[in-house]
There are 2 protein chains.
Amino acid sequence: MRDPEATLRQHDLPVTAQRIAVLRAVSGHPHATADDLTASVCGDLGTISRQSVYNVLNVLTDKGIIRRIQPADSPARYEDRIGDNHHHLVCRSCGRTEDVCCAVGEAPCLKAHSHHGFKIDEAEVIYWGTCPACQKKKRS
Amino acid sequence: MRDPEATLRQHDLPVTAQRIAVLRAVSGHPHATADDLTASVCGDLGTISRQSVYNVLNVLTDKGIIRRIQPADSPARYEDRIGDNHHHLVCRSCGRTEDVCCAVGEAPCLKAHSHHGFKIDEAEVIYWGTCPACQKKKRS
DNA sequence: TCATTATTTTTGACAAAGTCCAAAACTCGG
DNA sequence: CCGAGTTTTGGACTTTGTCAAAAATAATGA
């Protein structure tokens, strides 16, 4: 995210300190939770209400400026990187999340199959596993 | 699920009325939530505690007798059909969930890639879209 | 069959993540 | 700089699920 303020203006969103700070936090901490982001913003602005963090994250998500990912057994996480159809790799034991490029080119990702009459708009892929650190921990 | 009782015994689980009823409910209502299942079991046994439903669902899931799916913005759902690596199609507006056969054969499903040093054990795919009923509703 | 023992079930409190609402503060256009 | 309309804030509330202790039940062996 080069310029949070410009990004907000481009999307006709009033520019506020909270929005700039949250946007910067998301940008600087990919896959952070709302809680993580609140902490990060507080280190920047001094304070922000929990509700504002959610408000901002929701409006940014709705506008497509950021993306929300919600793996099982984890609070929602947010990221900056959008529009490139990448997927995620999540550690079952610590929740560590990494980006993964779409493994198979166009299929199944982005391909609008038709099943059961549904109009499909996204194929979400999560790879579940164990991260290096947790593999070590388990062995010991 | 042909015989819930036999299934429980096969897995060395003490047979209780609650377990049989929950197992039957999951079998008869694929993709139901814990709440749905509680209602269904109550119509069968007359009553069951909320905690017992969770206890049973957890133990059955741990044993691999049923599978838990946790799409974003939805409570956990449970299903009977396991071991065939199928995926899910979820309606964004009403949560309706359908099974989808693995769209691309072996890849990316079940294929253990190695990325970031993670040991991957599952590839979960969710297709997001709008079900026929909600498409109609939106148009009207 | 019956007592024993370990496992389940129940009840009620609790926790995490997020939303709803009304009041105060702020942004932006004129 | 003013006023209208958004945002932000604080607090209560909701949903989904877990924890813990006591009561009930299932499986085992005599």
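Every chain is numbered from 1 and lettered A, B, ... according to where its sequence line falls, protein lines coming before strand lines.
The residue from B:N55, B:V59, B:L60 that alone fulfils the side-chain contact (heavy atoms from CB on, under 4.5 Å) condition with B:R19 is B:V59.
Panel note: side chain A:Q18, backbone A:S49; no donor-acceptor pair is recorded below 3.5 Å. With hydrogens and angles ignored, the 3.5 Å screen pairs a side-chain donor or acceptor of A:T38 with a backbone N or O of A:A34. At distances below 3.5 Å, at least one donor-acceptor pair connects side-chain atoms of A:T97 with backbone N or O atoms of A:G95.
Applying the ring pair (Phe, Tyr, Trp, His ring centres under 6.0 Å) test to B:H31 and every residue at least two apart in sequence or in another chain returns B:H88.
Connection of A:V90 to B:W128 is not established within any shared hydrophobic cluster, with ILVMFWY side chains joined at heavy-atom distances below 4.5 Å, either directly or through further cluster members.
One can place CD of A:Q70 at 11 Å from C1' of C:dA17, the figure rounded to the nearest angstrom. Put simply, CG on B:D12 is 13 Å from C1' on C:dT7, counting in whole angstrom units.
Between B:D121 and A:R92, at least one side-chain nitrogen of the basic residue sits less than 4.0 Å from a carboxylate oxygen of the acidic one, meeting the salt-bridge criterion. Using a 4.0 Å cut-off between charged nitrogen and carboxylate oxygen, B:E79 and B:R68 do not count as a salt-bridge pair.
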Run the side-chain donor-acceptor check on residues 2-13 of chain A: report pairs under 3.5 Å with partners two or more places apart or on a different chain.
unit_1, atom_1, unit_2, atom_2, d
A:D3, OD1, A:E5, N, 3.1
A:D3, OD1, A:A6, N, 3.3
A:E5, OE2, A:R9, NH2, 2.8
A:T7, OG1, A:D3, O, 3.0

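As judged by a 4.0 angstrom heavy-atom cut-off over every strand, B:N58 is placed among residues touching the sugar-phosphate backbone only.
Near-neighbour residues of DNA chain D inside residues 24-42 of chain B, defined by a heavy atom below 4.0 Å, are absent.
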Output a table of nitrogen or oxygen pairs between the protein and nucleotides 9-16 of chain C separated by less than 3.5 Å.
unit_1, atom_1, unit_2, atom_2, d
C:dT9, OP1, B:T16, OG1, 2.5
C:dT9, O3', B:Q18, NE2, 2.9
C:dT10, OP1, B:Q18, NE2, 3.3
C:dT10, OP2, B:S49, N, 3.1
C:dT10, OP2, B:S49, OG, 3.0
C:dT10, OP2, B:S52, OG, 2.5

Distances under 3.5 Å only, N/O to N/O: pair up the protein atoms with those of nucleotides 22-25 of chain C.
none

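The side-chain heavy atoms of B:T16 and B:V56, taken from C-beta on, include no pair separated by under 4.5 Å. Residues A:I48 and A:V22 have side chains in contact (heavy-atom distance under 4.5 Å, counting atoms from C-beta outward).
The CZ atom of A:F118 lies 5.0 Å from the CD atom of B:E98; values are rounded to the nearest 0.5 Å.
Projected onto DNA chain D by closest heavy-atom contact, A:V59 and B:Y54 fall at different nucleotides, the more 5' of which corresponds to A:V59. The 5' end of DNA chain D is approached more closely, in terms of each residue's nearest nucleotide, by B:R77 than by the other of B:R77 and B:R9.
With a cutoff of under 4.0 Å to any heavy atom of chain B, the contacted region of DNA chain D is bounded 5' to 3' by D:dT16 to D:dA27.
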Could you check B:R67 against B:D80 for salt bridge (charged side-chain N to carboxylate O under 4.0 Å, His left out), going step by step and ending with a plain yes or no?
CA-CA 7 Å; B:R67 180 174 163 199; B:D80 201 34; over 6 Å; no
